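Predicted model, so just to flag it, every value in this text is computed and none were measured. Side chains are part of it too, since the values below use all heavy atoms of this structure and drop only hydrogens, waters and symmetry mates. Each ligand, and each atom within it, is numbered from 1 in the order the structure gives.
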Amino acid sequence: MPIPMLPDFVTSQVDLTPYNTLALPARAGFFARIHSVEQLIALVRHPEFIGRRRFVLGSGSNLLLAGDFSGFVLHMDIPGKRRISEDAAYIYLAAAAGENWSDFVAWTLASGWPGLENLIGIPGAAGAAPIQNIGAYGAEISDFLHQLTALDLASGETLTFAARDCAFGYRESLFKREGWHLSGRYAITEIVLRLPKAWRVRAAYGEIAAELARGGIRNPTPAQVAQVISALRARKLPDPRQLANAGSFFQNPKVSAELAAALQHAHPQLPCYPQPGGGVKLAAAWLIEQTGWKGRNLGPVGMHEQQALVLVNRGGASYRDVQNLSRAVREAVFARFGVSLTPEPVVLADQRTEDRGQRTV
Ligand code: EPU
């Protein structure tokens, strides 16, 4: 219901179950659906907003709700995508925060601007994409991001962050590293992508190459790569509208070269990806599958039968259920391989929930 003191796009005591793809139940004290930057600026200056906790929500596809949140949830629903400009080497395109990322990718391809095809099908909103540096099939958004615009929710100031200032890493950025994604420091309002005009598709990733070979495709177009990836994703990753999930539940762990070598000696099938800066990344899904958790449930949650890295809510799960399964899987992997898994999604907890020590997954 609307609150007299606040603009009419703010409601109170809102059920967040439909706003997180894992479908965990929680209530927001205040919920603002933001359709424009002007609305956001108006809210930021409002006396009822100042001093309260805030959380910037995109599509909730990488989110774990640890309980009710007493502050403001700002649901970024700002629409808009456009070609900004081009120079000899690049085309510059903008997506407002509320654009669906995958639809944006499809639009670029349909417009004849290749580059983002490997990132098709990743759920979520464009404004959230840089926060965890979304990636799949050998590409990450940081390969293409030119800059982003954000509103400082404390000062009301509009800021531009160049890509080089975003400290991107594997599922990592300045926004995440500084905890700003949880403290509601900034709301990203627009991202600008820079697509090289001289583009060669990246189809060397094992699964893509195999799928293309199966279809007899030698020199794939970006659209064909997108098609293959969409089909692969549909086969392995459950659609949250049918089976609630938050994508990969754990990050792929990076371990020392020594540990990787020892593990590979004991398990010759172990997928290992040596990293440019040293260390080796292991496939968390493979480790989980070896422990027998793939396709297994604990209460109303389970690890998906097609992709062991995806934790699914089979109906009515609570945050406690997710914690229990997360712990069981992490313990099993650690007991077998001596490797610690780190959950990937963002955990949103109220101060009070944190005080009760319920925050860890
Ligand atoms: N594997 C298994 N069992 C499984 C699934 C995979 O043994 O159940 C093995 C595969 O055989 C392969 C390896 O694990 O050797 C890697 O699997 P896959 O290529 O499916 O990718 P992933 O490492 O499990 C990552 C991203 C996904 C992204 C895919 C495709 C992370 C945490 N996850 O998964 O991103 O779609 O690569 O590029 O980096 C997400 O972040 O939410 C997400 C879904």
(message) Counting only nitrogen or oxygen atoms and a 3.5 angstrom limit, does Ala308 reach ligand 1?
(response)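 Indeed, backbone or side chain, Ala308 has an N or O that close.
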Quick one: look up the protein heavy atom nearest [atom] and list residue, atom name and how far away it is.
atom                    : answer
atom 23 (O) of ligand 1 : Asn252 ND2, 2.8 Å
atom 19 (O) of ligand 1 : Tyr205 OH, 2.9 Å
atom 38 (O) of ligand 1 : Tyr137 N, 2.6 Å
atom 14 (O) of ligand 1 : Ala283 CB, 3.4 Å

(message) Would Lys254 and Tyr170 count as a cation-pi pair here, with the cationic atom under 6.0 angstrom from the ring centre and within 45° of the axis?
(response) no
(request) Using the six-membered ring of Tyr90, assess whether NZ or CZ of Arg194 lies under 6.0 Å from its centre and within 45 degrees of the ring axis. (result)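 Yes, cation above the ring, under 6.0 Å and within 45°.
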(request) Look at atom 31 (C) of ligand 1 and find which of Phe249, Tyr273, Phe250, Tyr170 reaches it with the closest heavy atom. (result)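 Looking at heavy atoms only, Tyr170 sits closest to atom 31 (C) of ligand 1.
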(request) Establish, from distance only, whether the side-chain atoms of Arg33 and Tyr19 form a donor-acceptor pair under 3.5 Å. (result)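 Checked: Arg33/Tyr19 side chains pair up, N/O donor to acceptor below 3.5 Å.
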Answer yes when [X] and [Y] have at least one side-chain N-carboxylate O distance shorter than 4.0 Å, and no when they do not.
X      : Y      : result
Glu344 : Lys176 : no
Arg327 : Glu331 : no
Glu207 : Arg235 : no
Arg185 : Glu178 : no

Under a 4.0 Å heavy-atom limit, does [X] contact ligand 1 with its side chain, its backbone, both, or neither?
X      : value
Ser248 : both
Gln307 : both
Ala285 : both

Out of all atoms in ligand 1, which are within 4.0 Å of some heavy atom of [X]? Include the element for each.
X      : answer
Glu207 : 19 (O)
Trp286 : 2 (C), 7 (O)
Pro271 : 15 (O)
Gly247 : 42 (O)
Glu289 : 2 (C), 3 (N), 4 (C), 7 (O), 8 (O)
Arg233 : 36 (O)

(request) Find the distance between CG (Asp321) and CG (Leu24) and round it off to the nearest 0.5 Å. (result) 8.5 Å
What are the two closest heavy atoms between [X] and [Y], and how far apart are they?
X      : Y      : result
Phe175 : Leu148 : CZ-CD1, 3.8 Å
Val201 : Pro220 : CG2-O, 3.6 Å
Ile188 : Pro130 : CD1-CG, 4.5 Å

(request) Answer yes or no for atom 29 (C) of ligand 1: protein heavy atom present at a distance under 4.0 Å? (result) no
(message) Any protein heavy-atom neighbour for atom 10 (C) of ligand 1 (distance below 4.0 angstrom)?
(response) no
(request) Using non-hydrogen atoms of the residue, decide whether Arg171 is closer than 4.0 angstrom to ligand 1. (result) yes
(request) Mark the output for Lys236 as yes if a heavy-atom distance to ligand 1 is under 4.0 Å, and as no if none is. (result)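 A heavy atom of Lys236 does come that close to ligand 1.
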(request) Test Trp107 against Trp113 for ring pair (Phe, Tyr, Trp, His ring centres under 6.0 Å), laying out the working first. (result) CA-CA 9 Å; Trp107 172 74; Trp113 302 315; 5.4 Å; yes
